[in-house]
Amino acid sequence: MVLIIAQILFILVLIFLIFTIVKQVQILKLEKRFDSFSLLSKTIDEISFFDQFSLFIHKGILAVSKTLKKSHFLIKYAEKYEKYISFEEKGTKEGMDYISSKIFIVFFFIFLYFLAFLIHHKDFSFMTFFITIFLSFYLLDVLLAIKFQQKRKKVEEDLLKAIIIMNNSFKAGRNIIQAIITVKNELDGPIADEFKKIYLDMTYGLSLDVVFNRFYDRVKLEDAKYIASSLTLLSKTGGNIVRVFNSIENSFYNKKKLNNEMKSLTSASLFVFRVLVALPFVFTFIIYVLNPTYFNPLFEHPLGIALLLIIISLFILYVMVIKKVLKVNME
């Protein structure tokens with residue numbers, strides 16, 4: 001009886017939340033429709049439900065971060081999240097906020113797990129419960145890693161543009177600070193964000209080689225390492241900075257040109273590789289839809305579990321070997 005009452009309460013709460021969200025979406029659509037005909041500006045009191053909810057979550061994250069800062073271990077652990085903070089977020093966000101967000105995500109998935117447990121009324125599994133906690137704890141790391149790889153790829157694509165702008169600035173008689181300002185003003189996206197950080201480091205009095213070494217530590221690109229090494233050699237031995245950036249520009253241009261040619265040559269092989277990687281998942285999904293109990297022996301018998309681990313290991317090894325074979329090192 002208690003379980004039925006709990007299930008009914010959960011369903012009522014979900015219905016209320018869905019109804020509230022749908023209502024707020026309709027209100028926002030009406031607000032956008034009549035904004036162009038309205039002469040009244042929004043006041044501080046006119047905060048939407050989503051803004052209020054976001055503000056509530058943000059305050060909760062800040063409160064949790066303030067508590068977690070008492071731990072020296074967590075402070076050290078939070079340092080690895082500093083690279084995900086953009087220049088505009090400096091001062092308003094810190095690495096500890098990501099750990100607090102991970103805690104919120106864990107509690108949210110625990111809530112969903114118990115909700116599913118009450119609705120389906122299955123036996124409680126500690127293994128599934130701990131797997132849920134583990135996966136939800138590292139979910140944000142996966143999303144941040146994907147976002148960081150996208151940013152890293154964009155920085156790599158635009159780095160040649162930044163070097164060309166800096167080189168032209170040096171040829172026009174501008175100094176280093178003026179060249180960096182030109183780059184951060186002329187370009188946009190992740191590369192502009194990185195050069196804003198470079199400019200901030202320069203204003204703190206750091207030398208050019210140290211600044212670009214810090215840039216390499218943030219993006220982990222071989223091109224950035226090449227720039228840092230060239231500028232370190234320039235600072236120690238002396239020389240003409242225009243010649244150095246001319247050399248860097250030519251090197252990057254030739255590397256990018258060769259890289260584009262190699263991509264066009266290996267595009268067919270990469271397509272075949274991606275298809276072959278996707279096929280096992282497609283066939284597994286089709287078999288599962290046709291016969292949901294087909295794979296049960298792999299999970300119910302120790303020999304099946306061992307066989308499943310061998311299959312997964314061989315598949316991962318296959319992906320790693322093929323990627324290594326197809327990878328073209330441009331260095």
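Counting from 1, the numbers follow the sequence of the chain as shown.
Checked against ring pair (Phe, Tyr, Trp, His ring centres under 6.0 Å), Tyr98 has the following partners two or more places apart in sequence or in another chain: Tyr81. By the side chain to side chain donor-acceptor pair (under 3.5 Å) test, Asp188 pairs with no residue at all, sequence neighbours left out. Listed by chain and residue number, nothing satisfies the ring pair (Phe, Tyr, Trp, His ring centres under 6.0 Å) test with Phe109 (two or more places apart in sequence, or in another chain).
The local environment of OH in Tyr318 is crowded, with over 12 non-hydrogen atoms from other residues, nucleotides or ligands closer than 6.0 Å. At most 12 heavy atoms of other shown residues, nucleotides or ligands fall within 6.0 angstrom of atom NZ in Lys225. Applying the 6.0 Å contact sphere to NZ of Lys80 captures more than 12 heavy atoms from other residues, nucleotides or ligands. Atom NZ of Lys147 has 12 or fewer heavy atoms from other residues, nucleotides or ligands within 6.0 Å. Within 6.0 Å of CZ on Arg152 lie more than 12 heavy atoms contributed by other residues, nucleotides or ligands.
Note: Phe73 and Tyr77 have parallel aromatic rings, judged against thresholds of 30 and 60 degrees for the angle between ring planes.
A pairwise comparison of heavy atoms in Arg218 and Ile198 identifies NH2-CG1, 3.9 Å as the closest pair. Across Leu221 and Tyr216, no two heavy atoms sit closer than the pair O-CD1, 3.0 Å. Ile75 approaches Lys69 most closely through the heavy-atom pair CD1-O, 3.0 Å. Pairing each heavy atom of Phe104 with each of Gly60, the nearest pair is CZ-C, 3.7 Å. Nearest approach of Pro190 to Lys154, heavy atoms of both residues: CD-CG, 3.6 Å. Minimum heavy-atom separation, Leu187 to Ala192: O-CB, 3.4 Å.
Looking at heavy atoms from C-beta onward, Glu194 lies in side-chain contact with Lys151 at the 4.5 angstrom threshold. Residues Phe215 and Leu159 have side chains in contact (heavy-atom distance under 4.5 Å, counting atoms from C-beta outward). The shortest side-chain heavy-atom distance between Ile322 and Val277 does not fall under the 4.5 Å cut-off. Put simply, the side chain of Lys171 reaches to within 4.5 Å of the side chain of Asn246, judged on heavy atoms.
Hydrophobic clustering (ILVMFWY, side-chain heavy atoms < 4.5 Å, transitive): Val319 and Phe283 are in one cluster. Tracing side-chain contacts under 4.5 Å through hydrophobic residues (I, L, V, M, F, W, Y), one never reaches Leu62 starting from Phe107; they form parts of separate clusters. Residues Phe273 and Leu279 fall within the same hydrophobic cluster, defined by Ile, Leu, Val, Met, Phe, Trp and Tyr side chains chained together at heavy-atom separations under 4.5 Å. In the hydrophobic cluster analysis, where Ile, Leu, Val, Met, Phe, Trp and Tyr join through side-chain heavy atoms closer than 4.5 angstrom, Ile305 is grouped apart from Leu308. The hydrophobic cluster containing Ile311 also contains Met320, counting ILVMFWY residues as joined when their side-chain heavy atoms lie under 4.5 angstrom apart, directly or transitively.
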Criterion side chain to side chain contact (heavy atoms under 4.5 Å, CB included) on Ile227 and Ile248, from CA distance to verdict: CA-CA 7 Å; Ile227 297 172; Ile248 294 173; 4.1 Å; yes
Starting from the C-alpha separation in whole Å, work towards a yes-or-no answer on side chain to side chain donor-acceptor pair (under 3.5 Å) for Thr293 and Asn291. CA-CA 6 Å; Thr293 61; Asn291 186 6; 3.0 Å; yes
Please test Phe315 against Phe281 for ring pair (Phe, Tyr, Trp, His ring centres under 6.0 Å), starting from the C-alpha separation and ending with a verdict. CA-CA 11 Å; Phe315 181 76; Phe281 297 99; 5.6 Å; yes
Derivation of the side chain to side chain contact (heavy atoms under 4.5 Å, CB included) call for Phe108 and Ser136: CA-CA 9 Å; Phe108 175 72; Ser136 60; over 6 Å; no
Salt bridge (Lys or Arg N to Asp or Glu O under 4.0 Å) between Lys161 and Glu249, intermediate numbers included: CA-CA 9 Å; Lys161 297 178 184 177; Glu249 180 183 334; over 6 Å; no
Determine whether Lys184 and Asp193 satisfy the following criterion, salt bridge (Lys or Arg N to Asp or Glu O under 4.0 Å), listing intermediate values before the conclusion. CA-CA 7 Å; Lys184 75 182 185 70; Asp193 184 75; over 6 Å; no
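Cation-pi geometry between Lys102 and Tyr138 is satisfied (NZ or CZ under 6.0 Å from the ring centre, within 45° of the ring normal). With a 6.0 Å cutoff to the six-membered ring centre and a 45° limit on the axis angle, Lys83 counts as a cation-pi contact of Phe148.
Ionic pairing of Glu156 and Lys220 is not present here: no N-O contact between side-chain nitrogen and carboxylate oxygen is shorter than 4.0 angstrom. A salt bridge links Asp223 to Lys255: one of the charged nitrogens lies within less than 4.0 Å of a carboxylate oxygen.
For the atom pair CD1 of Ile103 and CG of Leu68, the computed distance is 4.5 Å after rounding to the nearest 0.5 Å. Atom CE of Met202 is separated from atom CD1 of Ile177 by 4.0 Å, given to the nearest 0.5 angstrom. Going from atom OG of Ser65 over to atom NZ of Lys93 covers 11.0 Å, rounded to the nearest 0.5 Å. Between atom OH of residue Tyr84 and atom CG of residue Leu143 there is a gap of 10.5 Å, rounded to the nearest 0.5 Å. With rounding to the nearest 0.5 angstrom, the CD atom of Gln178 is 10.0 Å from the CZ atom of Phe170. Residue Ile191 holds its CD1 atom at 13.5 Å from CD of Glu186, rounded to the nearest 0.5 Å.
Ring to ring, Phe252 and Phe245 are not that close: their centroids are 6.0 angstrom or more apart. Taking the six-membered ring for Trp and the full ring otherwise, the centers of Phe295 and Tyr288 sit at least 6.0 Å from each other.
A side-chain donor-acceptor contact under 3.5 Å links Asn168 to the backbone of Ile164. Remark: the backbone N or O of Val155 is not paired with any side-chain donor or acceptor of Asp158 at under 3.5 angstrom.
Side-chain contact of Asn167 with Ser169: a donor-acceptor pair under 3.5 Å is absent, judged by distance alone.
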